[in-house]
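Below: one structure, written as structure tokens.
Counting convention: from 1, in listed order, for ligands and their atoms alike.
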Amino acid sequence: MAIERTLSIIKPDAVAKNVIGKIYSRFETNGLKVIAAKLAWLSPQEAGAFYAVHQERPFFKDLVSFMISGPVMIQVLEGESAIAKNRELMGATDPKKAEPGTIRADFAESIDANAVHGSDGEDTAKNEIAFFFPAMAVYSGR
Ligand code: IDP
Ligand code: MG
């Protein structure tokens, strides 16, 4: 077990539903600390670059359109096994398959509008944090 950092995004559907605070509360009560955050309205270029790994997938265009449909809340979470812990709190990609009590089961409507993003591994966490918070590595040495 180790202290890790991961990138989390509260997607436009959940921001529009006014549940930023409820989702933050899930992080806080489960040992994840918000150590950087910003509310942003992504451009098509930013959303496309962030999801570049999914470029060839059939849902890529819809995913980018959805991610730019309204503001998002972007944060770095820190804590014990933060990457896996956040994925556990999020639940499965398809909210219909997500465990009861997870963020997606409780706040998401569909596989397209599924409330949250979370890094899926150490490398993606590092790259995704650098993508949205380029100064963090410089200041913290991590
Ligand atoms: P994850 O968000 O649970 O890590 P990924 O497979 O990385 O899931 O997919 C990224 C995002 O792309 C998902 O959160 C979801 O919004 C969207 N997505 C994934 N699979 C589908 C699909 O089959 N149809 C529509 N959208 C999808
Ligand atoms: Mg993913």
Parallel, tilted or perpendicular: which one describes the rings of F132 and F50, with boundaries at 30° and 60°? tilted
With respect to R57, determine whether any N or O atom, backbone or side chain, lies less than 3.5 Å from an N or O atom of ligand 1. no
Checking contacts here: is it the side chain or the backbone of R87 that comes within 4.0 Å of ligand 1, counting heavy atoms only? Could be both or neither. side chain
Quick one: look at H54 and ligand 1, take heavy-atom pairs under 4.0 Å, and tell me if it's side chain, backbone, both or neither. side chain
D112 and ligand 1 - part of the residue with a heavy-atom distance under 4.0 Å: both
What's the separation between atom CG in N86 and atom CG in L7, rounded to the nearest 0.5 Å? 9.0 Å
Lys/Arg cation over aromatic F133: K38, 6.0 Å, 45° cone: yes
Could you tell me, atom by atom, which parts of ligand 1 come under 4.0 Å of a heavy atom of T93? 1 (P), 3 (O), 8 (O), 13 (C), 14 (O)
Under-4.0 Å heavy-atom contact with ligand 1, by part of K11 that carries it: side chain
For atom 15 (C) of ligand 1, grab the closest protein heavy atom and report residue, atom and distance to one decimal in Å. I111 O, 3.2 Å
Under 4.0 Å between a Lys/Arg side-chain N and an Asp/Glu carboxylate O for D106 and R26? yes
Tell me, which protein residue and heavy-atom name are nearest atom 12 (O) of ligand 1, and how many Å apart are they? F59 CE1, 3.3 Å
Write down the atom of L39, the atom of P71, and the distance for their closest heavy-atom approach. CG-CB, 4.4 Å
For K17 and E109: C-alpha separation, side-chain torsions, deciding distance, then whether salt bridge (Lys or Arg N to Asp or Glu O under 4.0 Å) applies. CA-CA 11 Å; K17 276 189 188 164; E109 302 306 325; 2.7 Å; yes
Are the charged groups of E80 and K33 less than 4.0 angstrom apart, N to O? no
If you measure every N or O of N114 against every N or O of ligand 1, does any of those distances drop under 3.5 Å? yes
Has R104 got any heavy atom lying under 4.0 angstrom from an atom of ligand 1? yes
